[in-house]
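Written below as structure tokens is the structure these notes are about.
Note that the structure is predicted; figures quoted are calculated from it, not measured.
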Amino acid sequence: MKKDAIWITAPRDMGAAACTFQKSFAPAKGKTVKKATLSVSAIGIYAAHLNGARLGKGVLAPGWTCYKDRVQYATFDITAQLQAKNTLSIGVGQGWAVGYIGYKNCNHFFADHTSLIAWLDVTYTDGTKECVATDESWEVYNNEVTFTEIYHGETVDKTLSIKKLGHAVRSDVKTKLVAQVGEDITEQERLAPVSYFVTPAGERVIDFGQNMVGYVELTIKAPRGARVVLHHAEVLDRDGNFYTANYRTARNEITYISDGEEHVFKPTYSFQGFRYIELVEYPFDEVDLDAFRAIAVNSEMKRTGRYHCGNEKINQLYHNIIWGQKSNYLDIPTDCPQRNERLGWTGDAQVFCRTAAINFDVEKFFEKWMGDVAIEQDKDNGAVRGVIPVAQNHPTRIAAAWGDVACIVPWQLYEAYGNKKLLKKHFPIMKKWVDFLHGFGPAEYLWLGGYHYGDWLAMDAGEDSYVGATANDLIASAFFAYSCGLVVRAGEELGEDVCAYRELYTKVRAAFREYFVQDGMPKDDFPHTEVPLIPGVSTPVDTVRKGITQTGITLILHFGLCEESERAALAAKLVELIRENGNRMTTGFVGTPYLLHALSDNGYADVAYTLLFQEKNPSWLYSVCHGATTMWEHWNSIKEDGSFWSTDMNSFNHYAYGAVFDWIFGVSSGIKPTAPGYKEVQIAPHPDKRLGFADASIDTRNGTVRSYWYYKDDVVYYEFDVPAGVTAYVTLPSGKKYTLGGGSYRFAE
């Protein structure tokens, strides 16, 4: 039983090496086991074995939580695996909790040593029970994994002599154990190499053809002491050489030392982001590609959305979006999976959440992570940091659009799944965030000043600027209004009294319009208030501070911060800005998710399509045309001349810009929920000959919804599938409207 177990640790400092905790036991003689379960958790990453067999399908357990406040435990049914005599062995490595974490390279941020807790509950057919739990009687052994770090990789030495280090000692862990909330992290696709080559620099390289997250599995028999050393990379440089500068300090190095026997090697306590591997050391002249497999690893989410169209570059874009999500949904929604970061950036999470919930069932995934958002939310003022779980001594900013994850993700989950119980659980987080905004800064109904990320990586302030041209004050105040409105909508769904928030929203919207809007257009000359949030950090970071930008107008249109009479002029101005830029966008992380919606919602679906099909930088297809297999962090991570945007912040697996699929699915194909959980749906497709056809479907809580349109000459044919019990409100481009129940339908016009 859990109350019988204590946290234990090794009797000596293991450094970056893993160790194994071991306990032998036997069921009571003369009794028959009815049921046996083993529950395990660790500060670090554990791998549990019973009688030599790995338990469970999950890897990298127990995942990443706010360790100081809660750690998940998993429970395995081992009834069928018990023998007359049993040995339980649990290896533990550093993982996120103990090793280096965060781009500030914090070591031992959560703990300075690994720890284990476990309890084996046995129930016999006569009703008696027995518990075998972690205590000081457990033996501790060294482990063939002599080095393991999330960022730096792993070393496996099969020549190592395994010795008993002594008995476990009581650990000083103080945290709350909770039954596993999130999905298991599991091995998914197994990718065979597509090629082997030697680079101009003489590097031996294997290409798996897909940027991904996971690790390499190698089957090999080599002489005793022979070494295999693998390095990982996402891309090659313009000369065709192996490129790792964008990994920063993360080494991503796997080392295997052979004992002379044949083994199947793969990491246990780390993962890498890569497409290519370099054979830095390899004991044979010939490379057997059949010995190598790349194993994709991510949280086990059910695929729900499907999409295929008549344009192969858009299909590749969709492929990249799917792989970008899989790569970055590894227990938490990370920004990127390869460099010394891999953090739960809140801005990226909220930007992509709606698309995420189309592609996969992410309700359980986000329930777990939003639990950590609630824990990390400031108890005094409701502020939400830019990274959850907090992972470094220098805290991230409290920033607009990033902190608004507290309101945006709960609402989008409710729209996708209709889970009112979960919305109610998240409602306090939402209110606390809006309360923080209301009490922050020099203006009661505006968010002025502060240290924001702004329209992150937008290109309208210069190609090499991190923050776009749109004024941070405008962005922050727009999101203040948006989040306040979401609290009102959520409260109305829950039957809560939200009169105060409804009044607050009215005042925030009015203040926004007075401060930022003149004659129906954003101002470009409003004042800027500097309010430092972090000691020692100077503001401002937005040096251009414009209002008339693609992002500024997009937010005003999409968040309803304009009067209806102003929409036509604002939309026309947005189109003008796009055309002035060569039919290209200039938006960054903040404006991009809403840009195409702002266009199509206001009569410019053709312009939205033009942006979608744009191949020049910046555009979604620019990376596709340059061989991308996942989404890039920058619009031009690789420049036209083959050089790189930067070395310090240039991920080639950064899913945020994949948020465009929300528009492709919801507007191009036309499927949107009009009642939570898709109990009622809108099907209003926007065909375009440049796409050829579009076939989209989603498995919802209420059945599968499908929209398919295609051209025959100048006639568009439509096929819609509506599940039983669901009402579909169909609007065709001609303006014809239909209300449909469950069934399959065909139209043409």
Item checked: Set of residues satisfying salt bridge (Lys or Arg N to Asp or Glu O under 4.0 Å) with respect to Arg248, sequence neighbours excluded -> Glu341

Item checked: Sub-6.0 Å ring centroid separation between Tyr453 and Trp345 -> yes

Margin query: Can you confirm if the aromatic rings of Tyr73 and Trp119 lie within a centre distance of less than 6.0 Å?
Written below: yes

Note to self: Please determine whether a side-chain nitrogen of the Lys or Arg among Glu376 and Lys68 lies less than 4.0 Å from a carboxylate oxygen of the Asp or Glu.
What the structure shows: yes

Next item on the list: Could you tell me whether Arg303 and Asp361 make a salt bridge, using a distance below 4.0 angstrom between a side-chain N and a carboxylate O?
Entry: no

Margin query: ring-ring contact (aromatic ring centres under 6.0 Å, His included) for Tyr46 and Phe21? Distances and angles first, verdict last.
Written below: CA-CA 10 Å; Tyr46 71 83; Phe21 298 86; over 10 Å; no

Note to self: Can you pull out every salt bridge (Lys or Arg N to Asp or Glu O under 4.0 Å) where at least one residue sits in residues 37-63? Sequence neighbours excluded, please.
What the structure shows: Lys57-Glu300

Note to self: Between Asp699 and Arg306, does any side-chain N to carboxylate O distance fall below 4.0 Å?
What the structure shows: no

Item checked: Residue from Arg339, Glu633, Glu234, Gln338 passing side chain to side chain donor-acceptor pair (under 3.5 Å) with Asn246 -> Glu234

Item checked: With Tyr318 via ring pair (Phe, Tyr, Trp, His ring centres under 6.0 Å) - residues at least two apart -> Tyr307, Phe661

Notebook entry, point to check: Distance under 6.0 Å and angle within 45° of the ring axis: does Arg342 meet both against Phe271?
Noted result: yes

Note to self: Could you check whether Thr87 and Gln22, counting side-chain N and O atoms only, form a donor-acceptor pair closer than 3.5 Å?
What the structure shows: no

Next item on the list: Decide yes or no on salt bridge (charged side-chain N to carboxylate O under 4.0 Å, His left out) for Arg190 and Glu217, but give the supporting numbers first.
Entry: CA-CA 9 Å; Arg190 296 174 60 86; Glu217 178 184 87; 2.6 Å; yes

Checklist line | Nearest-0.5 Å distance, NZ of residue Lys431 to SG of residue Cys407 | finding: 11.5 Å

Next item on the list: Could you tell me if the ring centre of Tyr100 sits under 6.0 Å from that of Tyr151?
Entry: no

Margin query: If the threshold is 4.0 Å, N to carboxylate O, is there a salt bridge linking Glu189 and Arg293?
Written below: no

Margin query: Under a 3.5 Å cutoff, is there a donor and acceptor pairing between the side chains of Glu363 and Asn419?
Written below: yes

Check: Just checking, is any N or O donor in the side chain of Ser327 or Asn653 under 3.5 Å from an acceptor N or O on the other one?
Finding: yes

Margin query: Run Lys35 and Asp121 through salt bridge (charged side-chain N to carboxylate O under 4.0 Å, His left out) and show every step you take.
Written below: CA-CA 8 Å; Lys35 187 172 184 179; Asp121 290 321; over 6 Å; no

Next item on the list: Identify whether the distance between the nearest side-chain nitrogen and carboxylate oxygen of Glu187 and Lys266 falls below 4.0 Å.
Entry: yes

Note to self: Over 60° means perpendicular and under 30° means parallel, so tell me whether Trp369 and Phe366 are parallel, tilted or perpendicular.
What the structure shows: perpendicular

Notebook entry, point to check: Looking at the rings of Tyr276 and Phe208, which for Trp means the six-membered one, are their centres under 6.0 Å apart?
Noted result: no

Checklist line | Lys672 and Glu415 ion-paired at < 4.0 Å | finding: no

Next item on the list: Taking the six-membered ring for Trp and the single ring otherwise, decide whether the centroids of Trp632 and Tyr657 are under 6.0 Å apart.
Entry: no

